[in-house]
Structures are given as C-alpha cells and as structure tokens.
Amino acid sequence: MRWFLLGIVAFFASGSAVAAPDLDGQWIVTTDRSGNPEYSTLNLKVVDALVSGDSDGDPVTGTFRKGALDYAVTGASGSVYRFVARLDGDRLRGRADYPDHNFPDRRLTYAFTARRVPDRPPGAPRVVDYAPTSFSNSFSAERAPVLTIWPGDTVRTTTIDSGGIDAAGVTRALFGNPQTGPFFVAGAQPGDTLAIHIVRLTLDRDWAESLDTIVNRAVGPSLAAGAGKLGRTIRWRLDRAAGYATPDRPSDALKDYRVPLRPMLGGVGLASGFGSPPLSTGDTGRAGGNMDFPEVVAGNIVYLPVQQPGALLYLGDAHALQGDGETSQYALETSMAVEFRVELIKKRSIPMPRVESPTEIIVLGQAGSLDEALKAASTGLVQWLQQDYGLSLSDAAQVLGSGVKFSVPNLAGRSVGVAARIDKALLQHLPRGTKE
C-alpha cells in the first residue's frame, strides 16, 4: 500500500491550491480499467469537508480538503474502492485503488475522470430541438452524449436512412443503419427501465429505397433458384400528403399497386453494459438495437433496460413502411423527423425490449432461430404479466393460452425477432400490482 500512498502524494504535490468548489450533485465517473472504460454514477454531498453520497447505490464516505477529494466506496460484498482526485476545469481527475480481481491480497491502480451532470433546468419538462451533426454505427457507451435530457423532456430531432442519406439526398454517414445519439438521460442507472414515448414520426422526403429480394429464411426450395437472381434496388415514391407509397418504375402488374405509409423506427437501442462490446447498428440485444419492429410507431411506448449511467439512447434506421419480417432485406428505407419523450422507471429492470400500444402489450424476443426467439418472447410476456399484473405462472399460462398472438417482425438480420402480444382489453379486469 506504501507505493500507492506515495503516488497520491506525488500526484497532489504537483497541484496548486484552489478555492473550495461546490462538488454537490451527480457525476459520471469513467475509470480506465486497463484500457476498458467503466462508467458509474457518483452522487456527492459535502458538509464541513466531510463527503457522503453513493456510487451506483453503494455508500460513499470521505473528505474534501484543500482542493483534494478523497473518498471510498464500499461495495455490497464489503470490498472497498478508494478514489483521490482534483478538479481540472469542470472535470475531476485522479486515481482509483481497486481490489485485484485475481489476487485478494493485492490492489490495482487505475486513472479515472468524472464529469458533472448538469442540474435540471427549472420549470416544467422541456421540449428540446437537436440537429445531429454526426451519426454512430454502434450502440456504444464510449461515444460522447449529444444532449443531456431529463425524464419528462421531449426531443425533436432527425434521422437519416440505413445507407447514411439525409432528407436532402446527401450522404452524411457510413451505411449500416447509422443512428442519431446518444441522448444522456439524467438519473438513469443500471437496473432502471427507460420508457421512450414515440410522439411523432414525420417523413421528410418524397422517396425511399428497398430491394426486390426475399430473405433466405422465407424462401422454400421451389423458389430458391429464381430468388437467387433477385436483389435489384427499388425506388418508391412517397406521397406524404395522400399517405401512400408506390413503386417508382412499376411493372405492368404493379402499375396500380400502392401501400399505406406507416412510418417506423428500425433502430432504437441503449448502450451496451460494461464487459460487453458495443452492439453494431446491424444487430439486436437485450436493450434493443436494430429491432426492425413495425410497432415502433407514433403513439407507442418502447421499454428498454438501462445498462449504463444515463441510459445513452440511440435511434435511427427510418422506414416509411415495413411488412412483417422485413423479407425484402431492406424496408422502405428513408429519413424522417422524430419527436420522442422519455420517462424513467427507477429500480425496475426488464429482461428484453417491450412495446406498449394503446391496445396491446408486446414483448420482442430475439435470437439466432425462430424457435429460440419465440421462447424468449413468450417468456418475456409471462414475466410482464407476473411483474405488472401479479399473476402466478399458472394464471399467466391461462392468459397466454386464451389470448396470445405471435408475429415475426424481423427475418433479415443476423438474429430474428418474434413478438408475443396480448390485447389489453383482455387484461382490463385483472388486478394491477407486482408479484414479488
């Protein structure tokens, strides 16, 4: 331990005396664990040089004297983590002393920084406009937040299409479902659930692109030879005033074919947790991602489990319309204006994405096969019925057997999606509550 204390002395000896700043409030700590950033939420309160608070719910004690912050975090297992730092502008910078995860009698030292979460603006929840200047091809926790928002706030922003093209027809990002974000939701911590209310989705150009292909998972042997020759890009005209789409250069058979527009977001996801690699914007996971679920439309709520401080919400991959399964590999890919509102359900975690419409509750199961995706979806729906309606497993089995419906939202990705859904009218006479 002597070597660590000497390091602290040397670290602070180089600093100059500063007036005691106000450290009260919430900070996001980034600890560099051998090149792997670990994020945590630190809530601080300083009274007469004594520091109290919590770090991701674990108690914090320490001191703040002569510009030096020295605090310890005691984990649930009794392990102690020590942090020492000074203010550098608007950041805390210092060293953390952790138990060695391989050797109980040893310690490890890591550099860390912390940034303060701004105080919530006074007054009612805000409506904030955000014009993106860059886009992400992963649901990464390492990308700097583009905006800090608070539960109840509404954001108006825009997305580009899956190829990176914006409303003006300009390539703005790399292909592969580039996302807008991330949005930092103040107060969100792992173990919470983020509720994303899709307020409005507005198409902002008059065309979309798709393919004339059929994904392999949807093609039987008798069609395989012919389907292998498909893959031509199809441009669609979007009549936004009338609310329908038509092929731009249809065959004679399709010259009168038109479909009603139903704008949706193919991508809605939160950043991956510590120890998990950032999810590609072509993939799905426990906290959403490239779900390509046609029920992510205006008027519905998407529920996702928080895995990082601030949740770090991304959204994109706008579709003017998509049939179940996205069987043409691409839906009607386009760009759009998005308006959404966030709410936070504290200390309530869910195992997988949920969607609530005015008429249904829906769970999206995602896996490498339809069998496994169906199991995940039905399991997730049972868990929802148990969690929110207090049903026993026997009760939930009776509800599923008499009322569940299944759909196949996505067949085009590396994983497939199955949605289990129940009409809320069937549940209206059930007692609401939580079965522990």
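Along the sequence shown, residues are numbered consecutively beginning with 1. Both backbone and side-chain heavy atoms feed into the values below; hydrogens, waters and symmetry mates do not.
Looking only at side-chain heavy atoms (C-beta outward), Leu92 and Thr113 stay at 4.5 Å or farther from each other.
Heavy-atom neighbours of Lys424 NZ from other residues, nucleotides or ligands within 6.0 Å: above the threshold of 12. By the neighbour-count criterion of 12 heavy atoms within 6.0 Å, atom CG of Asn216 is sparsely surrounded, having that number or fewer from other residues, nucleotides or ligands. Heavy atoms from other residues, nucleotides or ligands lying under 6.0 Å from CZ of Phe112 number more than 12.
Judged purely by atom type and a 3.5 angstrom limit, Thr281 uses its side chain to pair as donor or acceptor with the backbone of Asn137. Side-chain atoms of Arg205 come within 3.5 Å of backbone N or O of Asp166 as a donor-acceptor pair. Using a distance-only test at 3.5 Å, with no hydrogens or angles considered, no donor-acceptor pair links the side chain of Asp388 to the main chain of Leu385.
Relative to the ring axis of Phe184, Arg115 places its NZ or CZ within 45° and under 6.0 Å from the centre. In this structure, Arg258 is positioned above the aromatic face of Tyr244, its NZ or CZ under 6.0 Å from the six-membered ring centre and within 45° of the axis.
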Practice problem: Apply ring-ring contact (aromatic ring centres under 6.0 Å, His included) to Tyr39 and Phe274, showing your working. | Solution: CA-CA 8 Å; Tyr39 304 94; Phe274 179 67; 8.5 Å; no

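Taking the ring centroids of Phe183 and Tyr314, they lie at or beyond the 6.0 Å cut-off.
With 3.5 Å as the limit, one finds no donor-acceptor pair spanning the side chains of Thr379 and Gln383. For the residue pair Asp58 and Ser55, no side-chain donor N or O sits within less than 3.5 Å of a side-chain acceptor on the partner.
Under the salt bridge (charged side-chain N to carboxylate O under 4.0 Å, His left out) rule, Asp192 has a single partner from Lys347, Arg348, Lys346, which is Lys346.
In this structure, Arg237 does not pair ionically with Asp206, as no charged nitrogen and carboxylate oxygen lie closer than 4.0 Å.
Screening residues 313-331 for salt bridge (charged side-chain N to carboxylate O under 4.0 Å, His left out), with sequence neighbours left out, gives no hits.
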